[in-house]
Amino acid sequence: MKEKRITRDEVYIADEAFFTGTAAEVTPIREVDGRMIGNGARGPITTKLRQPIFDLGMAGTPDIRMVTLV
């Protein structure tokens with residue numbers, strides 16, 4: 001994983017994008033500035049991350065490999 005600033009052009013051509021956070025959990029971004037991101041639906045990475053993150057928030061049975069201790 002690499003953290004970096006991205007340009008709007010990079011967002012416009014992304015295969016998928018999502019918000020993460022306490023309230024948002026993992027929420028797909030369908031469009032930016034009226035431009036559809038990817039196919040306009042939840043992508044495979046968003047789908048893969050969504051349930052483990054939700055489980056953590058709901059005190060379910062998280063896969064500990066998904067957790068980074070800070």
Could I get the full list of side chain to side chain contact (heavy atoms under 4.5 Å, CB included) partners for I45, not counting sequence neighbours?
-> E16, F18, L49
Interatomic distance, I13 atom CD1 to R35 atom CZ [nearest 0.5 angstrom] | 11.0 Å
Can you name the residues that form a side-chain hydrogen bond (donor to acceptor under 3.5 Å, both in side chains) with E31, not counting sequence neighbours?
-> none
Which residues pass the side chain to side chain contact (heavy atoms under 4.5 Å, CB included) test with D33, sequence neighbours left out?
-> R8, Y12
Nearest heavy-atom approach of R30 to R42 is NH1-N, 3.5 Å
Residues passing the side chain to side chain contact (heavy atoms under 4.5 Å, CB included) test with V11, sequence neighbours excluded, are I6, V32, I37
Over all atoms of both residues, closest heavy-atom pair of E10 and R5 | OE1-O, 4.3 Å
